[in-house]
**Student:** 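First the structure, then my questions, so here it is.
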Amino acid sequence: MARSMDADKDPVIVVADDDPVVRFALVGILREFTNSLYEFSDGLVAAEAIERLCPDLVIVDIYMPGSRGDALCRRIRANPQTASIPVIVITGDEGSEARQSALSAGATDFVTKPVSKLELLVRARNLLALHRSQQELTHLQVAAESQKTQQVRAIFARYVSPRLVDQILQSGDVKTELGLLGDPRRCDAVILFADLRGFTRLSENAEPDLVARLLNEFFALLVNVVHTHGGTTIS
């Protein structure tokens, strides 16, 4: 599951490079952002850790044992839980082939060795901020969708059974599910017309609040029975 970003918590950063000197330098630079740093010298081990940690940023060397950096990028992008994680690929190869390979594999950015501290700080800061914004937007969308679902459930629960409400919400298309759009469908149905004996005379002579209480009690009993049997009520 993707890890949510809390503004009060340090971002999680994964550094993968088989050169211990370079790895030490990268970690030293990135300490400015967080203490939640994970170092790996093997690409395959790093890939497994990334799937477990769901970090906020990955910095990876393109040439590593176990798994190359571009292969690692493809694995990250192929997994829905890690697909949005920004990845900076670092290499000492100044040729365009390495850059194209990394970017084609899904790298977000590219830095050449020797790594400039200022350049890495700027790129890392920008990508962390972008990732945080994306995470916050995702959470807002999920919250809005959940609120919308609860509102729809509350509206339809007044008229149809809980099972039918679930069916409507799972379909994702309320109008189609209720037959308001598309081709008409023929089906068997049982219709019950229920009335209160003497209600007209009662309503003419009784106080309005008494009539309202009586109707509420009647509807509560009726709706409970109808919904238990998967029916729909119309008043």
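As a basis for the values below, the full set of heavy atoms in this structure was taken, side chains included, without hydrogen atoms, waters or symmetry mates.
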**Student:** Has Arg74 got a side-chain atom pairing as donor or acceptor with Ala105's backbone, closer than 3.5 angstrom?
**Tutor:**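 Flag not set: sc Arg74 to bb Ala105 has no pair under 3.5 Å.
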
**Student:** Which heavy-atom pair separates Ser203 from Thr200 by the least distance, and what is that distance?
**Tutor:** OG-O, 2.8 Å

**Student:** Measuring only between side-chain heavy atoms, which start at C-beta, is Val60 closer than 4.5 Å to Ile90?
**Tutor:** no

**Student:** Applying side chain to side chain contact (heavy atoms under 4.5 Å, CB included) to Leu72 and Ile50, what does each step give before you reach the verdict?
**Tutor:** CA-CA 10 Å; Leu72 179 56; Ile50 289 167; 4.2 Å; yes

**Student:** After noting the C-alpha distance and the side-chain angles of Phe24 and Asp19, does the key distance pass the side chain to side chain contact (heavy atoms under 4.5 Å, CB included) rule?
**Tutor:** CA-CA 9 Å; Phe24 178 81; Asp19 188 329; over 6 Å; no

**Student:** Is there a donor-acceptor pair closer than 3.5 Å between any side-chain N or O of Arg77 and the backbone N or O of Ala83?
**Tutor:** yes

**Student:** Find out whether Arg75 and Ser67 are in side-chain contact, i.e. whether some heavy atom of one side chain is under 4.5 Å from a heavy atom of the other.
**Tutor:**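 Arg75 vs Ser67: side chains apart.
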
**Student:** Could you check whether any side-chain heavy atom of Asp10 comes within less than 4.5 Å of a side-chain heavy atom of Phe33, counting everything from C-beta outward?
**Tutor:** no

**Student:** Does any non-hydrogen side-chain atom of Glu136 lie less than 4.5 Å from one of Arg132?
**Tutor:**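 Arg132 vs Glu136: side chains touch.
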
**Student:** Determine, stepwise, if the pair Asp17 / Glu39 fulfils side chain to side chain contact (heavy atoms under 4.5 Å, CB included).
**Tutor:** CA-CA 8 Å; Asp17 195 306; Glu39 305 176 46; over 6 Å; no

**Student:** Looking at side-chain heavy atoms only, is the closest gap between Val111 and Arg123 below 4.5 Å?
**Tutor:**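 In contact.
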
**Student:** Checking the side chain of Thr34 only, and the main-chain atoms of Val12 only, is there a donor and an acceptor separated by less than 3.5 Å?
**Tutor:** no

**Student:** For Thr82 versus Ile76, what's the shortest heavy-atom pair and its separation?
**Tutor:** OG1-O, 2.7 Å

**Student:** Please tell me whether Leu121 and Leu127 are part of a single hydrophobic cluster in this structure, the criterion being side-chain heavy atoms less than 4.5 Å apart.
**Tutor:**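 Yes; Leu127 is reachable from Leu121 via cluster members.
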
**Student:** Any chain of hydrophobic side-chain contacts (each under 4.5 Å) joining Val87 to Leu44?
**Tutor:** no

**Student:** Heavy atoms, side chains only, cut-off 4.5 Å: are Ile13 and Pro55 in contact?
**Tutor:**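 Heavy-atom side-chain distance check fails, nothing below 4.5 Å.
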
**Student:** Do the non-hydrogen side-chain atoms of Asn126 and Asp109 ever get within less than 4.5 Å of each other?
**Tutor:** no

**Student:** Using distance alone, with no hydrogens and no angle criterion, decide if Asp70 and Ser101 have a side-chain donor and acceptor under 3.5 Å apart.
**Tutor:** yes

**Student:** Using 0.5 Å steps for rounding, measure from the CD1 atom of Ile29 to the OG atom of Ser116.
**Tutor:**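 If I round to the nearest 0.5 Å, the distance is 8.0 Å.
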
**Student:** Output the rest of the hydrophobic cluster of Val122: all Ile, Leu, Val, Met, Phe, Trp and Tyr residues reachable through side-chain heavy-atom contacts under 4.5 Å, sorted by chain and number.
**Tutor:**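 Leu118, all in the cluster of Val122.
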
**Student:** If the test is side-chain contact (heavy atoms from CB on, under 4.5 Å), which one of Val15, Ile88, Val14, Thr108 qualifies with Leu57?
**Tutor:** Ile88

**Student:** Between Val89 and Cys73, what is the shortest heavy-atom contact and its length?
**Tutor:** CG2-SG, 3.8 Å

**Student:** I want to check something: taking the side chain as every heavy atom from C-beta on, are Asp61 and Lys113 in contact at a cut-off of under 4.5 Å?
**Tutor:**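 Touching, per the 4.5 Å side-chain cut-off.
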
**Student:** If Ile, Leu, Val, Met, Phe, Trp and Tyr residues are connected whenever their side-chain heavy atoms lie under 4.5 Å apart, and connections chain through other members, are Leu103 and Ile62 in the same group?
**Tutor:** no

**Student:** Taking all atoms of both residues into account, what is the closest heavy-atom pair of Asn79 and Glu51, and its distance?
**Tutor:**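 Nearest pair, atom of Asn79 first, then Glu51: ND2-CG, 3.8 Å.
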
**Student:** Taking only Lys NZ, Arg NE, NH1 and NH2, and the carboxylate oxygens of Asp or Glu, determine whether Glu217 and Arg213 approach each other closer than 4.0 Å.
**Tutor:** no

**Student:** Stepwise, does the side chain to side chain contact (heavy atoms under 4.5 Å, CB included) test hold for Ser41 with Arg23?
**Tutor:** CA-CA 8 Å; Ser41 59; Arg23 201 166 60 248; 3.6 Å; yes

